[in-house]
Amino acid sequence: MTIPRWLVVVGVLVFGFMLLPVALVVWMSVFNSEFLTFPPPGYSLRWFGELTRERGLFGGLRLSFVLALSTAALSTALGLLAAIGLSRARLRFRGLLENGFLLPLLIPAIVSGVAVYIYLYQLSWMLQVRLVPTLGALLLAHTMITLPWTFRLVHAGLAGLGTDVERASLDLGRGPWQTLWRVTLPLLRPSLVGAFIFAFIFSFAELEISLFLISPGQITLPVAMVQYAEFRVDPTLAAVSTVQILLVGTLLAVSNRFIRFGQVLSGGVKG
Amino acid sequence: MTLDRRTGWLLVMPAALVTVVFFVAPLVYFLRFSFERPSRTAFSEPVFTLENFARFFASPYHVGALTRTLLVALAATALALLLALPVAYLITKASARVKAVLIILTVFPLLVGNVVRSIGWVALLGYSGVVNTVLTAVGLLDAPVELLRTATTVTVAITSVVLPLMVLTLQASLESVDPNTERAALDLGARPLRVFRQIVLPQIVPGIAAGTSLVFVLCINAYATPRLVGGTQVPMLAPVVYDTISSDNNWPFGASMAALMLVVSLAVVLLYGRLLRRQFEGWRVAR
C-alpha cells in the first residue's frame with residue numbers, strides 16, 4: 001500500500017523533534033563565541049582543545065571512558081558465563097534465575113541508586129570499611145545495570161546457535177572446554193561484541209546510579225555535565241557532549257553489523 | 001544439553017552472586033530502611049515507623065511534587081503515544097533499506113543519553129536560546145521570555161527524551177500485524193485512517209500497553225530533564241529525592257520517597273497492564 005504524504009510530513013516532524021536537541025548540541029560545539037548567541041559570530045574547533053582545561057568535564061570524560069570499558073568487560077564476562085550455564089546445563093530454578101538477571105530493568109534507576117547507596121553505606125558502617133564512594137562500588141553498580149543487556153544478548157546468541165555443532169564437536173572427541181573455546185565462543189563473537197558495545201554505551205551515559213556513588217574527586221561524565229549545565233550551557237559543554245555523540249555514533253555504526261539495536265531495545269528498556 | 005549440572009551452577013554463580021549482593025539485598029534493605037528514623041549520632045534509628053510517609057503527605061511541597069510528577073508523566077506519555085504512532089507506522093511500511101535507516105535514527109538519540117538531550121533542550125529554550133532568538137528576530141516577541149522552568153516545557157522536553165522508546169516498542173508491535181487484514185479492509189472499501197483505527201489499532205493494544213507503561217515509569221523517575229529544564233521552580237520527585245539525601249542528609253526520608261516512587265511505578269505497570277489486557281480480550285471477542 002502507498003504511504004500517504006501527510007504521514008511522511010508528520011514523520012519528518014517527529015524525527016526532528018527527537019533529533020533536534022542532539023543536532024543543536026553538535027552545532028553549538030563549533031561556535032567560536034564564549035557564550036551562546038544564535039547565529040554565532042563564527043566557527044572554530046577551539047572548545048574541543050580547551051576541554052582538557054575544564055577539569056570537571058575532562059576528568060569526567062576520562063573516568064567514564066575507563067569505567068565504561070571495565071563495566072563492559074566485566075558485564076560481558078558475567079553475562080556470558082551465566083548464559084552458557086543456563087542454556088547448556090539443565091538447572092533447577094532456571095526461570096527464576098533468568099528473570100532475576102533481568103530484574104534491574106524493572107526497577108527505576110533512581111530507586112536502584114538510592115538503594116545501593118544506602119545499603120553500601122550501612123555495610124561500611126557495620127564493617128568499618130569504606131565502601132562508598134569507591135570506584136569498585138561504581139564499577140559493580142554499573143555492571144549490575146548492564147548485566148540484563150549482556151545476559152540477554154548472549155543468551156539469545158546461544159539459543160540461535162543451537163547445540164548441534166557443540167554435539168558434533170563432542171562426538172568427534174573434543175572435551176567440553178575445548179568445544180567451548182574452539183567452537184561455541186568463535187561462533188558467538190557477534191553477540192559478544194554487541195553485548196560489549198551495548199554495556200559500554202549504557203555505562204557511559206548512566207546518570208542516576210552514579211549520582212549517588214561518585215566521590216568529589218571522581219565524577220562520571222553525565223554527572224559532571226548535569227552539574228555544569230545547572231551553572232551554564234556553553235560551547236565547552238556542547239563540545240564534551242559532541243564527543244559523547246560521536247562516540248555513540250561510531251559504536252552504533254560498528255555494532256550495527258553485529259546486532260539489531262531496534263529489536264533488542266524494543267523489548268523493554270530504560271533510558 | 002552439553003554441560004553437567006555442577007558446571008552449570010559454577011558458571012551461573014558469579015552473575016547470581018553479584019545480582020543478589022548488589023541488587024536484591026540493597027532493594028530489600030532500602031525498603032526496610034524507609035521506615036526508619038533519621039538520627040544525629042548513628043546511621044539511622046532502627047525503629048519501624050510510618051513518620052516519613054506521614055511527613056510526606058502532610059507537606060504541600062512534597063505532595064505537590066508528587067502530583068506534578070504524575071501529571072507531567074501522564075501528559076508526556078500521552079503526547080509520546082500520539083507522536084510515536086504515525087512514525088512507528090511509517091517505519092513499518094517503509095522499504096527494508098529506509099526502515100534500517102529510520103530505526104538507526106530512532107535508536108541514536110536514545111543511546112546518546114538523556115543528559116545530552118536535556119542540554120540540547122536547555123540550549124533550545126534558554127533565555128538566549130534558539131527559540132527566543134528566532135521569535136524576537138521575526139518580531140513575535142519584543143524581548144526574550146523565560147521558557148525554561150515551566151511545567152509545560154519540562155513536559156515537552158521529557159516527551160522528546162522518551163519518544164524513541166515509544167516508537168521502537170510500537171514499531172515492534174506493528175511488525176507482527178498481519179498485512180492481509182489491512183489489505184482486506186482496504187479492498188472492502190475502508191479509508192486508510194479507518195483501517196488504522198479499526199483494524200490495526202486493536203491488534204497492537206499489547207504493544208501500546210507495553211510502550212505507555214514503560215515510558216510512564218521513565219517519566220516518573222526522570223532526573224536530568226526536570227533538573228535542567230525545570231530547575232527548582234518545577235520540583236519533581238527524582239531531583240527532590242536526590243536533594244533530600246545528598247543536601248539535607250535525611251536518608252530515611254529520601255528512601256521513603258524513593259520507595260513511594262517504586263510502588264507507584266510498579267503499581268502502574270501491573271494494574272495498567274491488567275486493565276488493558278482485559279480491554280484487549282473484549283476487543284478480540286467482539287471482532
Side-chain angles (χ1 to χ4, degrees), chain A residues 3 7 10-11 14-15 17-19 21-22 24-25 28 36 38 78 81-82 84-86 88-91 97 100-101 103-104 108 110-111 114-116 118-119 122 125 140 144 163 166 176 201 205 207-208 211 222 225-226 229 233 237 241 244-245 248 252 261-262 265-266 268-271, chain B residues 1-3 5 7-8 11-12 14-15 18-19 22-23 26-27 29-30 33 43 83 86-87 90 93 103 105 107-109 111-117 119-124 126 128 130 133 160 163-165 168-169 172 214 217-218 221 223-224 227-228 238 242 251 255 258 261-262 265:
Chain A
I3 298 168
L7 193 59
V10 171
V14 176
F15 270 108
F17 185 56
M18 286 194 286
L19 290 163
V22 181
L24 187 63
V25 163
M28 274 157 32
L36 293 183
F38 297 96
L78 289 178
L81 294 180
I84 291 181
L86 277 174
R88 297 295 188 260
R90 206 181 296 272
L91 299 185
L97 283 164
F101 291 136
L103 189 68
I110 192 95
V111 176
V114 174
V116 171
I118 288 174
Y119 167 81
Q122 173 69 310
W125 191 279
L140 279 168
M144 208 50 258
T163 50
E166 288 168 22
I201 292 177
L207 171 71
E208 284 93 349
L211 208 56
M225 281 160 75
V226 170
V233 171
L237 186 62
S241 305
Q244 178 165 346
I245 292 167
V248 169
L252 188 58
F261 270 104
L265 281 161
S266 58
V269 76
K270 46 189 209 170
Chain B
M1 294 302 137
T2 48
L3 294 174
R5 201 170 281 177
T7 321
L11 292 173
V12 172
V18 174
T19 307
F22 259 83
F23 209 81
L27 275 177
Y29 177 71
F30 134 83
F33 183 79
F43 180 63
L83 295 176
V87 177
L90 192 66
K93 295 294 165 207
I103 288 185
L105 284 180
V107 170
F108 178 59
L111 294 182
V112 162
N114 47 13
V115 177
V116 172
R117 287 180 292 161
I119 289 171
W121 276 100
V122 173
L124 197 68
S128 54
V130 178
T133 309
S160 159
L163 194 52
L165 270 177
L168 288 174
T169 315
L214 178 71
V217 168
L218 282 178
N221 291 280
Y223 180 84
R227 171 126 272 169
L228 296 182
Y242 178 72
W251 298 26
M261 290 170 77
L262 181 63
S265 303

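Side chains are part of it too, since the values below use all heavy atoms of this structure and drop only hydrogens, waters and symmetry mates. Keep in mind it's a predicted model, so treat the numbers as computed, not measured.
Formation of a donor-acceptor pair under 3.5 Å by the A:Q244 side chain with backbone atoms of B:V116 is not found in this model. Remark: the backbone N or O of A:F17 is paired with a side-chain donor or acceptor of B:S160 at under 3.5 angstrom. Using modelled atom types, one side-chain atom of B:R5 and one backbone atom of A:R90 make a donor-acceptor pair closer than 3.5 Å.
Proximity to chain A involves both the backbone and the side chain of B:V130, based on heavy atoms less than 4.5 angstrom apart. Only the side chain of A:L24 comes within contact range of chain B, with heavy atoms under 4.5 Å apart. With a 4.5 angstrom heavy-atom cutoff, B:L163 touches chain A via backbone and side-chain atoms both. Only the side chain of A:L207 has a heavy atom closer than 4.5 Å to any heavy atom of chain B. Contact of A:F15 with chain B is made through the side chain alone, with heavy-atom distances under 4.5 Å. Within the 4.5 angstrom heavy-atom criterion, only side-chain atoms of A:M144, from C-beta onward, approach chain B. Heavy atoms of A:L97 lying under 4.5 Å from chain B belong exclusively to its side chain. Only the side chain of A:I110 comes within contact range of chain B, with at least one heavy atom under 4.5 Å from a heavy atom of that chain. At a 4.5 Å heavy-atom cutoff, the contact between B:V122 and chain A is made by side-chain atoms alone. If you measure heavy-atom distances from B:T7 to chain A, the contacts under 4.5 Å come from the side chain alone.
Here B:P26 pairs with A:A115, A:V116, A:Y119 under the side-chain contact (heavy atoms from CB on, under 4.5 Å) rule; sequence neighbours left out. Scored by the side-chain contact (heavy atoms from CB on, under 4.5 Å) test, B:T133 finds A:F38 as partners (sequence neighbours excluded).
The candidate with the highest count of non-hydrogen atom pairs below 4.5 Å against chain B, out of A:V233, A:I84, A:L237, A:V14, is A:V14. Heavy-atom pairs under 4.5 Å with chain A peak, among B:A123, B:A238, B:G113, B:P14, at B:A123. When A:L19, A:L103, A:L91, A:V22 are compared by the number of non-hydrogen pairs under 4.5 Å with chain B, A:L91 comes out ahead. Contact count versus chain B (heavy atoms, under 4.5 Å) is highest, among A:A82, A:P222, A:G100, A:G11, for A:A82.
Residue B:L27 comes nearest to A:V111 through the heavy atom pair CD2-CG1, 4.4 Å, listed as atom of the first residue, atom of the second, then distance. Looking at every heavy atom in both residues, B:V115 comes nearest to A:M225 through CG1-CB, 3.8 Å. Between A:L7 and B:P86 the shortest heavy-atom distance is CD1-CB, 3.6 Å.
Between B:V217 and A:P108 the shortest side-chain heavy-atom distance falls below 4.5 Å.
If you take CD on A:Q122 and CZ on B:F30, they are separated by 14.5 Å, rounding to the nearest 0.5 Å. Note that the CE atom of A:M18 and the CG atom of B:L105 stand 8.0 Å from one another [nearest 0.5 Å]. Here CD1 of A:I118 is found 7.5 Å from OH of B:Y29. Values are rounded to the nearest 0.5 Å.
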Open item on the list: Please evaluate residues B:R117 and A:I245 with respect to the criterion side-chain contact (heavy atoms from CB on, under 4.5 Å), reporting the C-alpha separation (whole Å), side-chain torsions for both, the decisive distance (0.1 Å), and the verdict.
Closed with: CA-CA 10 Å; B:R117 287 180 292 161; A:I245 292 167; over 6 Å; no
- [ ] Applying side-chain contact (heavy atoms from CB on, under 4.5 Å), run through B:V12 and A:L81 and close with a yes or a no.
- [x] CA-CA 6 Å; B:V12 172; A:L81 294 180; over 6 Å; no
